[in-house]
**Q** 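Sharing a structure with you now.
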Amino acid sequence: MKAINIWMLSAVFFAGLTSCEMKDEIFGKDVPNETGYLTLDVNAGSSASVETKGTTDQKEDFPVIIKALEFDYTVEYDSYSQLLEETGNTGKVELPIGKYEIEAHSPGEFAEKMGEPYYGGVKAVEIIKGVEKPATVTCSIQNTKIAMNFTDEFINFYESWNITVDDKKGHSEIYTQEKTDPAPVYWKMASETDKIYVTGTAVIKTSRETVTINETLTKKDSEDYENGDSPYFGGGDGIAISLAPAKDGELNKGGIVITVEGFDQETNEEIGIGVEVGGDGEGEGGSETPSGDEPTITIPQEVYILPMDSAKNADAVIHADAGIKSVKVQIIAGNDVFINIVQGMFGEDPFELIGNATLEPVFTEMGISLPKENDLDYKFPVGNFFELLSGMGKTTSINGHEFNITVVDSNGKSATKRLSVKVEE
């Protein structure tokens, strides 16, 4: 963590960055008097051949935010169709000269779990005096599709089942015999999610024997692997999981066979998926019992809207039977005002709470205590940030201000939760 002046930072926190002097310091200069023009188009999907996915890919409904990067100037449209209507269907917007970031996304909230893909995109442009600058914001799918298929053989062979797909970072789906043709779900993946777990049991109809499945899915390097390839599951990835009973020749036998196909949701290009038996420290076939329960993080709700939710409980409650070894928090600012404070105080990476002597005086002023190693329980009160965040103005990011919280216990097991705070005017 960067060295900081504790008293200066505390003053900045509680002043709420409302003064004109502070705004001038952050944004660097006044709004220029000279102007140029932006001619804007918005696309949904990286390819013109992409088929319609549902209600979330209609670009005419996409909100558009045009935000200056060097001074305090933002233009917002409730939808791209509103922008076109106000510009005589030209998409031409007059702007003060300077560098801008343009954001467009599907209407509504980007939720942790959805029934449809969610699109979003950002484009950087520079507006020059008297020049018309064309720009296109291409919005790609931001969430990961999980599709589960139970084959007819599986349904006929087993009388009941309870199968869980889990990333151990806040997303989990449970499948039972009550719904044999479940609809796909779309997850907003946490950063650095490199494993997805498929576990559960099924009961054979004829023998009433219970069989188990315990598999770990990872992304494999492609044949034409490049440094830019990511080992993490993320936006645009699709995972199709199919389950069938094991066979011995032509006869089904006790056991579950998993088939997994990875694909790009927009291009349908194949994504290599590795399937490993067990995982996360468990033995072959997952038959060994892990030592101790995994740590947990419990939050009352995933998204808070200020000022509407300002009085609600927003405590992230952490529990670890094996004792807490580490608690890290990553704060991702949701507007330009808070970005400068976050980068100066915390940096972009997750920061450790245990033993953080630099941070402790600041958090003490905010009524936040830090955890100690081997504690069984700890409460991180995100609600203590609400007054500060409210004073920093409306959030411009579709995700609001994000708090990513990760706990690691003494056995090396971890859990992660994300909590978002959106500020409205």
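All values below come from the heavy atoms of this structure, side chains included, with hydrogens, waters and symmetry mates left out. Sequence positions, counted from 1, serve as the residue numbers for this chain.
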**Q** Could you work out, with side-chain hydrogen bond (donor to acceptor under 3.5 Å, both in side chains) as the rule, every residue matching S397, not counting sequence neighbours?
**A** none
**Q** Side chain to side chain contact (heavy atoms under 4.5 Å, CB included) for I241 and V198? Distances and angles first, verdict last.
**A** CA-CA 9 Å; I241 303 169; V198 182; 4.1 Å; yes
**Q** Please walk me through it: do I213 and L243 pass side chain to side chain contact (heavy atoms under 4.5 Å, CB included)?
**A** CA-CA 10 Å; I213 182 172; L243 299 183; 3.9 Å; yes
**Q** Is there any ring-ring contact (aromatic ring centres under 6.0 Å, His included) pair reaching into residues 406-425, and which pairs are they, with sequence neighbours excluded?
**A** none
**Q** Applying ring pair (Phe, Tyr, Trp, His ring centres under 6.0 Å), name anything that partners F403, two or more places apart in sequence or on another chain.
**A** F385
**Q** In a check of side-chain contact (heavy atoms from CB on, under 4.5 Å) between T396 and each of D336, N335, V337, which one passes?
**A** N335
**Q** Enumerate, atom names and distances included, each donor-acceptor pair closer than 3.5 Å involving a side-chain atom of residues 83-94, sequence neighbours excluded.
**A**
from	atom 1	to	atom 2	distance (Å)
E86	OE2	Q82	NE2	2.9
T87	OG1	L83	O	2.8
T87	OG1	L84	O	3.3
T87	OG1	G91	N	2.9
T90	OG1	T87	O	2.6
T90	OG1	K92	N	3.2
E94	OE2	T35	OG1	2.8

**Q** Any heavy-atom pair between the side chains of K133 and T39 that's under 4.5 Å?
**A** no
**Q** List the steps, then state whether side chain to side chain contact (heavy atoms under 4.5 Å, CB included) holds for E112 with R418.
**A** CA-CA 9 Å; E112 290 291 333; R418 172 169 47 201; 3.0 Å; yes
**Q** Measure the shortest side-chain to side-chain distance between P307 and F386 over non-hydrogen atoms and say whether it is less than 4.5 angstrom.
**A** no
**Q** Taking only residues two or more places apart in sequence, or in another chain, which ones meet H319 in a ring pair (Phe, Tyr, Trp, His ring centres under 6.0 Å)?
**A** none
**Q** Which residues pass the side chain to side chain contact (heavy atoms under 4.5 Å, CB included) test with I354, sequence neighbours left out?
**A** I324, E352, P371, E373
**Q** Would you confirm whether S410, through its side chain, and A322, through its main-chain N or O, come within 3.5 Å as a donor-acceptor pair?
**A** yes
**Q** Is a side-chain donor-acceptor pair under 3.5 Å present for E402 with S420?
**A** no
**Q** Measure the shortest side-chain to side-chain distance between S106 and F62 over non-hydrogen atoms and say whether it is less than 4.5 angstrom.
**A** yes
**Q** Do I163 and F150 touch side chain to side chain, with heavy atoms closer than 4.5 Å?
**A** yes
**Q** Which pair of non-hydrogen atoms, one from K169 and one from A190, has the smallest distance, and what is that distance?
**A** CD-CB, 4.0 Å
**Q** T138 side chain to N43 main-chain N or O, any donor-acceptor pair under 3.5 Å?
**A** no
**Q** Heavy atoms only: give me the nearest S172-W187 pair and the separation to one decimal.
**A** N-CZ2, 3.9 Å
**Q** Are Y80 and D41 close enough, and set up right, to give a side-chain hydrogen bond (donor to acceptor under 3.5 Å, both in side chains), and what steps lead you there?
**A** CA-CA 8 Å; Y80 181 56; D41 191 13; 3.3 Å; yes
**Q** Does the D409 side chain pair with the main chain of K413, one donor and one acceptor, at a distance under 3.5 Å?
**A** yes
**Q** So do K168 and Y197 actually touch side chain to side chain, heavy atoms under 4.5 Å?
**A** yes
**Q** Who pairs with F157 by side chain to side chain contact (heavy atoms under 4.5 Å, CB included), at least two apart in sequence or on another chain?
**A** I204, P245, N252
**Q** Which heavy atom of Y119 sits nearest a heavy atom of T56, and at what distance?
**A** CD1-O, 3.5 Å
**Q** Would you mind listing every side-chain hydrogen bond (donor to acceptor under 3.5 Å, both in side chains) that reaches into residues 155-166, with sequence neighbours excluded?
**A** E159-R208
**Q** Apply side chain to side chain contact (heavy atoms under 4.5 Å, CB included) to residues L359 and L353 and explain how you reach the verdict.
**A** CA-CA 8 Å; L359 189 60; L353 294 187; 4.0 Å; yes
**Q** Would a distance-only check, ignoring hydrogens and angles, find a side-chain to backbone donor-acceptor pair under 3.5 Å from T212 to T201?
**A** no
**Q** Give me the one residue out of Q142, K188, H105, E109 that meets side chain to side chain donor-acceptor pair (under 3.5 Å) with N399.
**A** K188
**Q** Taking ring pair (Phe, Tyr, Trp, His ring centres under 6.0 Å) as the definition, give me every residue that meets it alongside Y100, ordered by chain and number, with sequence neighbours left out.
**A** none
**Q** Looking at side-chain heavy atoms only, is the closest gap between M189 and D167 below 4.5 Å?
**A** yes
**Q** Who pairs with K312 by side chain to side chain contact (heavy atoms under 4.5 Å, CB included), at least two apart in sequence or on another chain?
**A** Q301, Y304, D309
**Q** With the side chain counted from C-beta on, respond yes when P295 and V408 share a heavy-atom pair under 4.5 Å apart, and no when they do not.
**A** no
**Q** Measure from the side-chain N and O atoms of D194 to the backbone N and O of Y232, and report whether any donor-acceptor pair falls under 3.5 Å.
**A** no
**Q** Output yes when a side-chain donor or acceptor of S310 lies under 3.5 Å from a complementary backbone atom of L306, and no otherwise.
**A** no
**Q** Using modelled atom types only, decide if a donor and an acceptor are shared between the side chain of K422 and the backbone of I398 within a distance under 3.5 Å.
**A** yes
**Q** With heavy-atom distances below 4.5 Å as the criterion, would you say the side chains of C139 and K59 are in contact?
**A** no
**Q** Once side chain to side chain contact (heavy atoms under 4.5 Å, CB included) is applied, do any residues pair with A316, and if so which ones, sequence neighbours excluded?
**A** I297, I299, F380, I405
**Q** Determine the minimum heavy-atom distance between L217 and I258, stating which atoms define it.
**A** CD2-CD1, 4.4 Å
**Q** How would you list, by chain and number, every residue that makes a salt bridge (charged side-chain N to carboxylate O under 4.0 Å, His left out) with K205, sequence neighbours excluded?
**A** none
**Q** Which heavy atom of Y118 sits nearest a heavy atom of N143, and at what distance?
**A** N-OD1, 3.1 Å
**Q** Test your reading of the model: is there a side-chain donor-acceptor pair from Q265 to the backbone of D237, 3.5 Å cut-off?
**A** yes
**Q** If you look at every heavy atom in P184 and K145, which pair is closest and at what distance?
**A** CB-CE, 3.7 Å
**Q** For V317, does its backbone N or O pair with a side-chain atom of D315 as donor and acceptor, under 3.5 Å?
**A** no
**Q** Centroid-to-centroid, F338 to H401, below 6.0 Å?
**A** yes
